[in-house]
*Asks:* 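There's a structure below that I have some questions on.
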Amino acid sequence: MSACTPTRHDDPHRKEHSHEPHSPPSPRPRGPRLTGADVSASIAVFLIALPLSLGIALATGAPLQAGLVAAAVGGVVVGRLGGAPLQVSGPAAGLTVVTAELIQRYGWRTTCAITVLAGLAQLGLGLLRVARTALAVSPAIVHGMLAGIGVTIAVAQLHIVLGGTPHSSVLLNLRDLPAQLARVQTAALSVSALTLCLLLAWPRLPGRAGRLLRVVPAPLVAVTGATTSAALLGFGLPKVDLPSWSSHALAGLPEGPALGLIAAVLTITLVCSVQSLLGAVAVDKMVAARPALSGRVRRADLDRELLGQGAANVVSGTLGGLPVAGVAVRSTANVNAGAVSRNSTMLHGVLVVIAALLMVPVLELIPLASLAALVMAVGIQMVSLHHIRTVTRHREVLVYAVTTVGVVFLGVLEGVALGIGMAVAVALHRLTRTRITHHETEGVHHVHVRGQLTFLAVPRLSRTLHLVPQGAHAVVELDGSFMDHAAYESLQDWQNTQRAHGGTVELVGRRTGVRIGEPTGPAGLHPDGGTTAPDPSGCRCHPWTPWRNHQCAIPESGGPAQRNNAETTTARAPEDTEHTEPSGLTTKLDALGAPGTPGTPGATVEAPAPPSSPRAPDATTPTANQLARGISAFQRNTAPLVRSELARLAREGQQPSQLFLTCADSRLVTSMITSSGPGDLFVVRNVGNLVPPPGEESGDDSVAAAIEYAVDVLRVRSITVCGHSGCGAMQALLTADQDTAQTPLRRWLRYGGPSVARMADGSRPAARLAGRAAADTVEQLCLTNVIQQLEHLRAHDSVSRALRAGELELHGMYFHVGEAQAYLLSEVHEGEVFDHVGVADLTA
């Protein structure tokens with residue numbers, strides 16, 4: 001027997017293989033098949049890409065065929081090789097100014113060569129796997145760059161809209177604008193105005209007919225309507241000119257100063273790469289907002305996307321096309337049209353090729369004024385009010401403004417460089433700007449430090465601390481995430497002096513947490529200066545996650561069941577919370593800042609371990625300790641952040657806008673699901689989120705009383721009935737036995753009987769979720785129960801009066817616990833459909 005042959009012992013129970021011994025290997029998995037959704041999506045994207053590609057080519061001063069070449073290459077090459085399956089690439093408006101400047105300076109053939117070199121640079125960056133690094137650029141810089149480009153595009157195209165010719169400089173265009181307004185060509189202005197009107201009005205068509213008509217893209221409708229009107233009225237306007245493809249100019253050898261060419265290549269590489277990578281991330285967010293797609297479409301591979309963009313730019317530049325990048329408008333249309341694979345992107349590129357070869361006579365009917373109006377609208381939309389509000393909220397409006405002004409008056413590369421410099425300056429200013437205040441309240445001296453404590457702030461910190469009299473009680477609130485060694489030493493020395501004179505010091509504020517067993521300085525100051533007061537439980541949860549109940553560690557003690565529970569809880573904690581409490585008969589809890597504990601800093605309280613025998617919980621049981629730890633964490637971390645808001649609510653009283661009626665299930669956390677805070681929701685919770693019909697409460701008027709109080713006294717504007725997956729009440733209704741004793745729970749669940757009857761009624765449409773039917777009978781009943789309880793709600797007098805007066809809205813909601821996905825009962829779809837609630841745009 002050969003030494004390489006494994007020995008096999010005969011096994012009488014061994015089953016024989018049923019396949020043939022020499023059957024061919026299983027075929028390799030193929031790519032996704034072309035589906036009807038991909039075909040329809042590709043047509044929608046093609047109808048948007050065609051006029052936009054021509055318009056962008058017109059705005060750059062390139063041959064109009066160059067826009068079609070870039071659109072086709074972006075669709076086919078990036079669609080096949082890119083890492084974001086649903087992102088559509090092509091000539092982007094964000095590259096218009098850069099490309100126009102290059103054409104003016106170097107000519108068209110050299111610009112194509114620069115595009116090729118930029119593609120090679122992108123290939124190199126993709127091979128180095130540095131795509132994620134591009135996302136480190138501040139969003140304020142990116143949005144400022146796009147806004148500056150948008151302003152430049154809009155000002156230049158305004159001259160064509162008015163019947164003139166634009167200059168290459170924004171300053172020249174602004175200088176000549178009054179003269180251009182004095183010699184407006186009526187025909188060009190009329191065609192442009194019609195294009196803009198159709199572009200703005202088409203997406204807002206009302207009613208069912210409007211929903212059907214909006215399937216046709218607005219850019220196509222605008223250009224088609226303007227072209228038809230110009231032809232019928234006989235306007236003699238300049239039109240699209242597509243020369244023969246045989247005379248199309250291809251890339252040539254780059255000619256010009258080496259430094260200028262290198263700067264041009266870096267500019268094209270930067271703009272194309274950043275725009276494409278940010279677009280890929282945005283497409284991922286759109287896909288995640290559609291549960292029907294999230295399981296079928298992979299997340300973007302940014303390095304592969306960069307390789308695909310590089311390959312496309314090499315091909316596009318070689319064939320005489322514009323630079324290629326991911327385009328937000330087409331990508332959004334692709335996702336919204338229901339595309340499920342990269343086939344839609346590739347097919348749209350094929351359709352562009354067919355149109356470029358067979359539709360030349362039709363394309364040459366389009367007036368240039370119509371394309372200019374279309375591109376001007378795109379440029380205006382690039383100055384996004386949403387982005388301005390976002391950067392203002394994050395205090396980066398200065399970075400945004402400097403970048404925008406730099407791009408408009410100096411150029412893209414210069415503007416981005418100015419934006420990066422301003423972003424660095426703002427970051428350094430924030431790092432060095434620390435506010436330290438002192439005030440006295442009822443004999444307690446409060447020192448509030450807001451910002452990072454570095455050596456630069458030590459003189460101000462020392463001056464403020466010495467305002468506190470020796471021997472007094474002081475509270476130091478550290479509202480920052482970093483403390484260097486110099487600040488730590490200064491604070492520690494002052495604290496020791498205060499203690500020596502009989503004073504007390506309490507440190508509170510934000511922190512990242514200290515593991516149990518790590519060395520700490522006095523009163524919880526960590527030697528590395530990175531933390532403040534210690535956590536009594538050793539918990540490292542963030543302050544705004546009270547829903548975790550701070551179960552990062554449970555004290556271990558004698559019983560195996562308790563040890564298993566502790567192990568299970570630790571396994572569920574996040575990675576940064578993995579720690580254990582020291583074993584032993586006692587658990588020491590640091591009393592610094594804990595409510596109800598001695599005020600001496602650094603004092604500890606010893607709690608005896610819970611006995612192994614079952615008994616009623618008391619102050620020494622794990623449950624009581626867990627409650628105390630949660631309260632202590634709230635007092636230390638959350639209370640300082642919400643104290644002012646709660647004080648306002650205490651003065652003004654509650655004024656909630658919504659009544660939220662939901663199940664008592666512990667997994668349903670209303671504040672987390674609705675992102676609400678104190679004073680936002682008036683919440684009623686019961687088993688099964690049931691609303692007893694009027695007159696059937698049998699002595700239990702609690703739900704009806706809450707409804708009446710919310711509607712008539714609090715004047716809420718909406719009421720939401722929220723069910724959830726895996727509801728135990730619905731399971732009990734399905735398995736109810738008539739012979740079972742009528743306990744209080746059984747008597748309460750009878751109000752869910754109409755929901756069971758409604759589900760069994762075959763004449764009614766079955767309630768379902770967007771994109772799929774209910775997973776099982778329990779989920780079907782959970783959905784039906786929400787709809788039935790809304791009908792019970794409408795029968796209450798206070799609700800019906802408010803509905804008739806138009807002062808109240810009713811909403812149905814379903815929360816899938818396992819998927820962490822919320823659904824709202826749709827008022828648009830026919831039938832009883834719960835639409836998913838997508839992810840909001842949190843860009844910047």
*Asks:* Does L253 have more than 12 heavy atoms from other residues, nucleotides or ligands lying within 6.0 Å of its CG?
*Replies:* no
*Asks:* Tell me if a side-chain donor or acceptor on R183 pairs with a main-chain N or O of G164 at a distance below 3.5 Å.
*Replies:* no
*Asks:* Any idea which heavy atoms bring T403 and I141 closest together, and the distance?
*Replies:* CG2-O, 3.5 Å
*Asks:* Rounded at 0.5 Å granularity, tell me how far CD1 in I366 sits from OG1 in T224.
*Replies:* 7.5 Å
*Asks:* Do you know which two heavy atoms are closest between V402 and G419, and how far apart they sit?
*Replies:* CG1-N, 4.4 Å
*Asks:* Is the closest side-chain heavy-atom distance between L123 and L120 below 4.5 Å?
*Replies:* yes
*Asks:* Can you tell me how far CD1 of I160 sits from CG of L237, rounded to the nearest 0.5 angstrom?
*Replies:* 12.5 Å
*Asks:* To the closest 0.5 Å, what do you measure between CD1 (I103) and CG (L322)?
*Replies:* 6.5 Å
*Asks:* Applying side-chain contact (heavy atoms from CB on, under 4.5 Å) between V223 and each of L220, V221, T227, report the one that passes.
*Replies:* T227
*Asks:* Can you tell me which residue among L200, L205, L199 is in a side-chain contact (heavy atoms from CB on, under 4.5 Å) with W202?
*Replies:* L205
*Asks:* Please name all residues satisfying salt bridge (charged side-chain N to carboxylate O under 4.0 Å, His left out) with R105, sequence neighbours left out, ordered by chain then number.
*Replies:* E101
*Asks:* So which atom in C272 and which in P323 form the shortest heavy-atom distance, rounded to 0.1 Å?
*Replies:* SG-CB, 4.2 Å
*Asks:* Is a side-chain N or O of S316 found less than 3.5 angstrom from the main chain of A312, in a donor-acceptor match?
*Replies:* no
*Asks:* Is it the case that atom CG in L259 sees more than 12 heavy atoms from other parts of the structure closer than 6.0 Å?
*Replies:* no
*Asks:* Counting only N and O atoms by type, is there a donor-acceptor contact under 3.5 Å from the side chain of T115 to the main-chain atoms of T111?
*Replies:* yes
*Asks:* Less than 4.5 Å apart, side chain to side chain, heavy atoms only: is that true for L146 and Q275?
*Replies:* yes
*Asks:* To the nearest 0.5 angstrom, please state how far the CG atom of L177 sits from the CG atom of L162.
*Replies:* 7.0 Å
*Asks:* I'd like to know whether Y106 forms a side-chain contact (heavy atoms from CB on, under 4.5 Å) with L261, so could you lay out the CA-CA distance, the side-chain angles of the two residues, the decisive distance to 0.1 Å, and finally the verdict.
*Replies:* CA-CA 9 Å; Y106 300 111; L261 293 175; 4.0 Å; yes
*Asks:* Cut-off 3.5 Å, no hydrogens considered: what does the side-chain donor-acceptor table look like for residues 373-385, sequence neighbours left out?
*Replies:*
unit_1 : atom_1 : unit_2 : atom_2 : d
S384   : OG     : H386   : N      : 3.3
S384   : OG     : H387   : N      : 3.3

*Asks:* On a heavy-atom basis, which atom in A369 and which in S192 lie closest, and how many Å separate them?
*Replies:* O-OG, 3.2 Å
*Asks:* Return all side-chain donor-acceptor pairs below 3.5 angstrom for residues 55-63, not counting sequence neighbours, or 'none' if the list is empty.
*Replies:*
unit_1 : atom_1 : unit_2 : atom_2 : d
T60    : OG1    : I56    : O      : 3.4
T60    : OG1    : A57    : O      : 2.9
T60    : OG1    : A62    : N      : 3.3

*Asks:* Determine yes or no for a side-chain-to-main-chain donor-acceptor pair under 3.5 angstrom, with D38 supplying the side chain and S341 the backbone.
*Replies:* yes
*Asks:* Give the intermediate values and the outcome of side-chain contact (heavy atoms from CB on, under 4.5 Å) for residues S53 and R330.
*Replies:* CA-CA 11 Å; S53 299; R330 300 174 210 181; 3.6 Å; yes
*Asks:* With rounding to the nearest 0.5 Å, note down the distance linking OG in S370 to CG in L198.
*Replies:* 9.0 Å
*Asks:* Among L50, I43, V45, which residue meets the side-chain contact (heavy atoms from CB on, under 4.5 Å) test with H348?
*Replies:* V45
*Asks:* If you count the non-hydrogen atoms of other residues, nucleotides and ligands that lie under 6.0 Å from CZ in R433, is the total more than 12?
*Replies:* no
*Asks:* Supply the atom-to-atom distance R175 CZ to Q180 CD, rounded to the nearest 0.5 angstrom.
*Replies:* 13.0 Å
*Asks:* Do L347 and V39 have side chains that get closer than 4.5 Å, going by heavy atoms?
*Replies:* yes
*Asks:* Could you check whether any side-chain N or O of R304 sits under 3.5 Å from a backbone N or O of L81, counting only pairs where one atom can act as donor and the other as acceptor?
*Replies:* yes
*Asks:* Taking all atoms of both residues into account, what is the closest heavy-atom pair of N334 and A41, and its distance?
*Replies:* OD1-CB, 3.7 Å
*Asks:* How far apart are the C-alpha atoms of T345 and R80, what are their side-chain angles, what is the distance that settles it, and do they pass the side-chain contact (heavy atoms from CB on, under 4.5 Å) test?
*Replies:* CA-CA 8 Å; T345 303; R80 181 65 185 89; over 6 Å; no
*Asks:* Could you give me the CA-CA distance, side-chain angles and deciding distance for M422 and L398, then say whether side-chain contact (heavy atoms from CB on, under 4.5 Å) is met?
*Replies:* CA-CA 8 Å; M422 181 55 64; L398 188 59; 3.6 Å; yes
*Asks:* Heavy atoms, side chains only, cut-off 4.5 Å: are L174 and V155 in contact?
*Replies:* yes
*Asks:* Inspect the surroundings of CD in E414 and state if more than 12 heavy atoms from other residues, nucleotides or ligands are less than 6.0 Å away.
*Replies:* yes
*Asks:* Quick check: does any side chain N or O of T404 sit under 3.5 Å from a backbone N or O of G144, one acting as donor and the other as acceptor?
*Replies:* yes
*Asks:* Given the rule in the side-chain hydrogen bond (donor to acceptor under 3.5 Å, both in side chains) test, do S89 and Q309 qualify, once you have shown the distances and angles that lead to the verdict?
*Replies:* CA-CA 8 Å; S89 299; Q309 296 290 341; 2.8 Å; yes
*Asks:* Identify the heavy atoms of A264 and I114 that sit nearest to each other, and give their distance.
*Replies:* CB-CD1, 3.8 Å
*Asks:* With no hydrogens and no angle check, is any side-chain donor or acceptor of N313 less than 3.5 Å from a backbone partner on A118?
*Replies:* no
